[in-house]
Each structure stands twice: as structure tokens, then as C-alpha cells.
Amino acid sequence: MKVATWNVNSVKARLPRLLTWLQTARPDVVCLQELKVPNDAFPLREVEAAGYHAVVHGQKTYNGVAILARTPPAEPRAGFEDAVPDPQARLVAATVDGVRVVSVYVPNGGEVGLPSYDYKIEWLRRLRAYLMRAGVPQRPLVVAGDFNIVPSDLDCHDPARWEGSVLYNQELREIHKDLLNLGLVDTFRLHHPTEQAFSWWDYRNLAFPRNEGLRIDFVLATPALAARCEHAWIDRNERKGEKPSDHVPVIAEFR
DNA sequence: ATGGTTGCTTAGCAA
């Protein structure tokens with residue numbers, strides 16, 4: 001089973017690329033982020049024609065997440081399912097072929113010290129609690145998406161430049177470590193322990209041709225499932241050509 | 001060095 005995550009930065013703007021990529025990459029499950037459309041504007045017909053079912057938690061203008069799957073998803077759920085509804089559509093879950101799949105779009109945070117950064121930290125606290133309730137680490141579960149966290153120097157083209165930023169600071173590194181310590185394996189790092197590879201490049205300043213990127217998109221799996229992960233990679237080619245997203249797909253293949 | 005680019009919405013925000 002091939003599981004991918006891709007922040008498409010508008011599913012409308014990216015639809016031609018998404019459909020082409022589904023045909024060539026042939027993933028079984030795709031976690032999408034930043035749809036930027038409400039549910040009724042999601043291109044369901046096109047995605048179904050490409051051979052996928054879709055579980056969509058959309059939002060107008062900002063955010064929006066989805067799960068695409070070749071086999072019918074079961075028990076679709078949107079948001080944290082706790083006492084306080086999240087006003088932003090950033091999490092959706094469904095069970096595919098016995099695996100609980102969670103697509104997440106972690107808040108960027110804006111700037112350290114702003115209310116939007118406090119929202120990010122609180123959101124990550126709620127994500128941790130959600131994953132514990134969802135059965136991490138014992139349940140076969142994948143949580144994949146745009147985490148808006150740089151885990152380490154290796155995941156950053158220029159650590160000194162990014163240190164202290166809203167994507168890379170000590171507080172976030174500890175939150176990231178705590179998340180993984182719940183019992184989640186970063187499938188890309190599992191197979192590439194020392195390789196520098198990025199999943200995001202700024203649109204500005206020729207960041208991609210200069211390879212000034214960050215690795216902030218992950219496919220995380222619970223331990224028994226991670227033991228079945230045979231390959232994981234980042235589809236860097238998706239940043240090339242006409243109208244790319246600023247993120248590229250990250251893929252993990254499970255036996 | 002607060003620039004630069006993209007997308008949504010329409011001048012400004014978020015990333």
C-alpha cells in the first residue's frame with residue numbers, strides 16, 4: 001500500500017497536476033492539505049474519474065484537508081472530535097484497508113509571539129491528545145501531512161537562518177520529539193537517516209533552483225506498521241514545470 | 001535586507 005501526503009496549495013489551481021500525478025504515481029492513499037475550497041466545490045467528479053474515493057473536510061479560502069483512497073474509506077471523521085470545535089478545517093480521518101489514516105495541516109503560526117503562534121502550539125497539543133485517543137501506538141495508523149515543523153538541522157538548508165523562526169525553534173523541536181515518542185515513526189527518516197531532502201521551497205527568491213528548502217511534510221506510522229514500510233521518498237520532480245505547489249508529495253510504501 | 005511569489009479575493013491576508 002502506497003500512502004502519500006501532498007500540500008497542494010489550492011486543489012482548484014493544482015487539479016491538472018493532481019490528476020496527472022495520480023495517474024503516474026498510482027498511490028493507494030493520498031492525504032491532501034490546503035484545498036482552499038468548501039466541500040461542495042471539491043472536484044469530486046474528476047477525482048472519482050481518476051479512480052479514487054474522497055473524504056473531504058473543506059473550507060472556503062483557507063485550509064481544507066482530504067483523504068483520497070482507491071478502496072472505499074470507512075468511518076470518516078472531521079476535526080478533533082472533542083468538546084471544542086476547531087474553526088479551521090485542518091484534520092480529517094478515515095480507515096482504509098484496516099489502517100486508520102489521518103490527514104493533517106498543522107497551523108503555520110505566522111510569527112512567534114502572535115496569537116496565531118499560540119494557536120499552533122495549542123493545536124499541536126490537541127493533535128497529540130487526539131492521536132492517543134485514536135489508538136497510537138498500538139493501532140495501525142498513519143498520520144500524514146504538512147506539520148509546519150522542521151525537525152532538525154538536517155531538514156533545513158540553512159539552520160542558522162531559520163533558528164528561532166515559526167517553523168524551527170526549541171519549543172517545536174520538543175513538541176515534535178514528544179509526538180514521535182508517542183509511538184510514531186518518520187518513514188522518510190527511517191529509510192534515509194542521513195540524507196538532506198526537502199518537501200517545501202518558498203515561491204520567492206528562486207528558492208527551488210537554489211534548493212533553499214525545508215522538510216516539513218511527513219508520513220508518520222505506528223511502529224508495527226512502520227516495520228512493514230519498505231520504501232519512502234520525496235517526489236522532488238513535482239516542484240518542476242508549470243504551476244507547481246510550493247510543497248511536493250511525500251510517499252511511503254507498506255508491505 | 002521585511003525584499004520576493006502564489007492563491008483567493010478583489011486590497012489584503014496567509015503562506
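Computed from heavy atoms alone, side chains included, the values below leave out hydrogens, waters and symmetry copies. Chain naming here is simple, since letters A, B, ... match the order of the sequence lines and numbering starts at 1 in each.
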Find the distance [X]:[atom1] to [N]:[atom2] and express it as a whole number of Å.
X: A:Asn9; N: B:dT6; atom1: CG; atom2: P; value: 11 Å
X: A:Gln59; N: B:dA15; atom1: CD; atom2: P; value: 11 Å
X: A:Arg14; N: B:dC8; atom1: CZ; atom2: C1'; value: 12 Å
X: A:Leu114; N: B:dA15; atom1: CG; atom2: C1'; value: 14 Å
X: A:Glu111; N: B:dA14; atom1: CD; atom2: C1'; value: 12 Å
X: A:Phe147; N: B:dA15; atom1: CZ; atom2: C1'; value: 18 Å
X: A:Glu242; N: B:dT6; atom1: CD; atom2: P; value: 11 Å
X: A:Leu15; N: B:dG7; atom1: CG; atom2: C1'; value: 15 Å

Would you tell me if any nitrogen or oxygen in the side chain of [X] comes within less than 4.0 Å of OP1 or OP2 on [N]?
X: A:Arg204; N: B:dA15; answer: no
X: A:Lys60; N: B:dT9; answer: yes
X: A:Lys243; N: B:dG7; answer: yes

Pairs touching residues 2-53 of chain A that satisfy ring pair (Phe, Tyr, Trp, His ring centres under 6.0 Å), sequence neighbours left out: A:Trp6-A:Trp21

Nucleotide nearest A:Tyr203 when distance is taken to its side chain, options B:dT6, B:dC8, B:dA15: B:dT6

Options B:dG7, B:dA15, B:dT9, nucleotide nearest the side-chain atoms of A:Tyr62: B:dG7

Parallel, tilted or perpendicular: rings of A:Trp200 and A:His247 (30°, 60°): tilted

Touch class at under 4.0 angstrom, heavy-atom based, for A:Phe208 against every strand present: nothing

Sugar-phosphate only, base, or nothing, as touched by A:Arg161 at under 4.0 Å among non-hydrogen atoms: nothing

Spacing of the C1' atoms in B:dA15 and B:dG3 (rounded, Å): 16 Å

Contacts of A:Arg236 that satisfy side chain to side chain donor-acceptor pair (under 3.5 Å) - sequence neighbours left out: A:Asn211

Candidate pair A:Ser103 and A:Gln33, rule side chain to side chain contact (heavy atoms under 4.5 Å, CB included), full reasoning: CA-CA 7 Å; A:Ser103 177; A:Gln33 300 87 35; 3.2 Å; yes

Residues A:Arg100 and A:Thr95: side-chain donor-acceptor under 3.5 angstrom: yes

